Amino acid sequence: MDEKRKGSDELDLDLCLKTPTQDEPINKIPTLKEAMNNELKYGQVDPNVDLKKLKRIMSNRLSAQRSRIKKIEYTAELEKKVKDLQDTIAWAGSEIENMKDNKKKLLMENDMLQAQLDSVTAKSNLHTVQTEELKLELKRLKELAKAREIERQSFNFYESESTAEIDIDQYLNFDAMDFYPPMNDDM
């Protein structure tokens, strides 16, 4: 029987007999040999009990204890993961709110810039139309001035050429857009 005990003593099971709670630190777990010796010394075991049966009982107890410890460690690990994920969710929630606020600000800025662009485009289009109108008016006035010059030359062919030529541009006021030619009384 001593030989059988030696073979079983080689198994080092690092477990403790008491299952720790989540708050208690996990202590060193006794080996199967230590657990059997403690049971024989301090337990309520009949000294004539079969050692093979006692070894199996102690092995089952230690295995159950390892399982309970593993379950506690797994639960603690899951609780830690839950806490980490809750922290991540809280951080991400605030980050999402910040991004939504930033998006609203950017959309408002985009609308404001679009309105400014529309205003500048409208002014540019207005200036383009006004420029075209001024060019047409200038062309009409030059033609009118040529026609008057021709009329004046036909009526005043006896007069000398000392009469100064009328400068059309002096009568044009582009700022006020007043394009009326001067009125001559001699017509």
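All of these numbers come straight from a predicted model, not from anything done at the bench.
Considering every non-hydrogen atom in both L32 and S59, the closest pair reads CD1-N, 3.7 Å.
In M108, the CE atom is not crowded: 12 or fewer heavy atoms of neighbouring residues, nucleotides or ligands sit closer than 6.0 Å.
Members clustered with Y74: L78, by chain and number, using a 4.5 Å side-chain heavy-atom cutoff among hydrophobic residues.
How far CD of E133 is from OG1 of T128: 11.0 Å, rounded to the nearest 0.5 Å. Distance check, rounded to the nearest 0.5 Å: CG of L144 to CD of E149 gives 11.5 Å. Distance check, rounded to the nearest 0.5 Å: CD1 of I69 to CG of L62 gives 9.5 Å. Rounding to the nearest 0.5 angstrom, the gap separating the NZ atom in K146 from the CG atom in L141 is 12.5 Å. Going from atom NZ of K105 over to atom CG of L107 covers 12.5 Å, rounded to the nearest 0.5 Å. Taking CZ of R66 as the reference point, atom CZ of R61 lies at 14.0 Å (rounded to 0.5 Å).
Applying the salt bridge (Lys or Arg N to Asp or Glu O under 4.0 Å) test to every pair with at least one member in residues 81-90, sequence neighbours left out, gives these pairs: E77-K81, K80-D84, K83-D87.
A search for side chain to side chain contact (heavy atoms under 4.5 Å, CB included) contacts involving E143 returns K139, not counting sequence neighbours. Considering only residues two or more places apart in sequence or on other chains, L106 meets the side chain to side chain contact (heavy atoms under 4.5 Å, CB included) condition with N102, E109. With sequence neighbours left out, the side chain to side chain contact (heavy atoms under 4.5 Å, CB included) criterion links K135 to T131, E132.
Annotation: side chain of K71 is not in contact with side chain of R68 (no heavy-atom distance under 4.5 Å).
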Name each donor-acceptor pair under 3.5 Å that joins a side chain in residues 115-127 to protein atoms two or more places apart or in another chain, with its distance.
{"unit_1": "D118", "atom_1": "OD1", "unit_2": "Q114", "atom_2": "NE2", "d": "3.3"}
{"unit_1": "T121", "atom_1": "OG1", "unit_2": "L117", "atom_2": "O", "d": "2.7"}
{"unit_1": "N125", "atom_1": "ND2", "unit_2": "T121", "atom_2": "O", "d": "3.4"}

